[in-house]
There are 2 protein chains.
Amino acid sequence: MLILKPGQALNLWHKAMLAQVRDDDPDLTTRQMAILLTVYLDPPPHTVRGLAAQLDVTKPVITRALDTMGIMGLVARRRDERDRRNVLVQRTVDGAEYLQRLGDLIADEAIETT
Amino acid sequence: MLILKPGQALNLWHKAMLAQVRDDDPDLTTRQMAILLTVYLDPPPHTVRGLAAQLDVTKPVITRALDTMGIMGLVARRRDERDRRNVLVQRTVDGAEYLQRLGDLIADEAIETT
DNA sequence: ATATACTGTTGCAGAACCGTAACGAATTGG
DNA sequence: CCAATTCGTTACGGTTCTGCAACAGTATAT
């Protein structure tokens, strides 16, 4: 149970956005970030269809976001051997590190936020 | 002084991203969001050059983001009459409401976040 | 075996964004 | 008054994302 006033929330959001924009790596889109966080924070397995349903977007959006983030090394794909139609989205070491840094960053800025 | 553990921070970020993706309005890019928050949270005046310097991006990025967000009604432009080379970025009622909703949303989800 | 349903992917045209460079308008300085 | 500077914008070419529709591959049911 965490108390956060709307004004504090915006300040926090602001700092986190600024940090994202200012660093050199290309920004993830909002959709890519939502997918990444879902894969790492919600329990597996994660399929293309499942992610599309949860985010309320079309399947090609998921496929392409996985392409991009796969190249970046943030997620990996593997065929489901039990039902070979499915693709299982898997976590990677790089992705875990990326999100850990993000979490630390937001937490640090929360402390500085009045 | 706000204590927020990295794990909580990611959960909060996740929920906020999901809410952004799922609603119907088109998502703002990370840069657009950073600009919008800066305009509304930092004290005016805001110029194209100043915003570009603060976000460490080029001026055309700011111009285009202002174009897009101007069409959405989230910000407005006005010529600086003291120095007519400058453009002053101004807040709008719609933009204020948009950010207020965003702040409330994050704050609400913070409470639900373990 | 054949038809049906379901998975994820790809093709295509359109829109948005990016970075660099050039530009017109306004101001400042010699 | 004219050159140099500063401001924001626009032009260009390239990349990425989007939405929709069609697609091949796999599983299921008749």
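Chain A is the first sequence line, chain B the second, and so forth, proteins listed ahead of strands; every chain is numbered from 1.
- If you run side-chain contact (heavy atoms from CB on, under 4.5 Å) between A/Asp83 and each of A/Arg85, A/Arg79, A/Glu81, only A/Arg85 comes through.
- Atom C1' of nucleotide D/dC7 and atom CZ of B/Arg78 are separated by 16 Å, given to the nearest angstrom.
- Residues satisfying the side-chain contact (heavy atoms from CB on, under 4.5 Å) criterion with A/Pro60, sequence neighbours excluded, are A/Thr58, A/Arg64.
- Taking all atoms of both residues into account, the shortest heavy-atom contact from A/Arg91 to A/Pro43 is NH2-CA, 4.5 Å.
- Listed pair A/Gln32 / D/dC17 meets the phosphate criterion, a side-chain N or O lying under 4.0 Å from OP1 or OP2.
- Rounded to an integer number of Å, the gap from CG of B/Asn86 to P of D/dT5 is 19 Å.
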Report summary line: Once base and sugar-phosphate atoms are separated, protein heavy atoms under 4.0 Å mark nucleotides 18-30 of chain C, 5' to 3', with B, S and - as BBBB----BS---

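- The shortest distance between the side-chain N/O atoms of A/Thr68 and the OP1/OP2 oxygens of D/dC17 is below 4.0 Å.
- With values rounded to the nearest 0.5 angstrom, B/Leu66 atom CG is found 7.0 Å from B/Leu51 atom CG.
- Rounded to 10 degrees, the angle between the two end axes of the helix from C/dA1-D/dT30 to C/dG30-D/dC1 is 10°, with five pairs used at each end.
- Remark: A/Thr63 is in phosphate contact with C/dT9, judged by side-chain N or O atoms under 4.0 Å from OP1 or OP2.
- C/dC17 atom P lies 17 Å from atom CG of A/Leu28, rounded to whole Å.
- One atom, CZ of A/Arg49, and another, P of C/dC6, lie 8 Å apart when rounded to the nearest Å.
- Residues B/Gln54 and A/Arg22 meet the side-chain proximity criterion, which asks for heavy atoms closer than 4.5 Å.
- Regarding A/Met69, its CE atom lies at a distance of 15 Å from the P atom of D/dT16, rounded to whole Å.
- Listed for the A/His46 side chain is no donor-acceptor partner under 3.5 Å among the backbone atoms of A/Val89.
- The CE-P distance, from B/Met72 to C/dA15, rounds to 15 Å in whole Å.
- With contacts defined as side-chain heavy-atom distances shorter than 4.5 Å, the pair A/Met33/A/Leu102 qualifies.
- When side chains are defined from C-beta on, B/Thr63 counts as touching B/Arg77, because their heavy atoms get closer than 4.5 Å.
- Across the protein-nucleic acid pair, A/Leu51 atom CG and C/dT7 atom C1' stand 14 Å apart, rounded to whole Å.
- A distance-only check finds a donor-acceptor pair linking the side chain of A/Thr92 to the backbone of A/Gly73 [under 3.5 Å].
- B/Ile62 has its CD1 atom 14 Å from the P atom of D/dC7, to the nearest Å.
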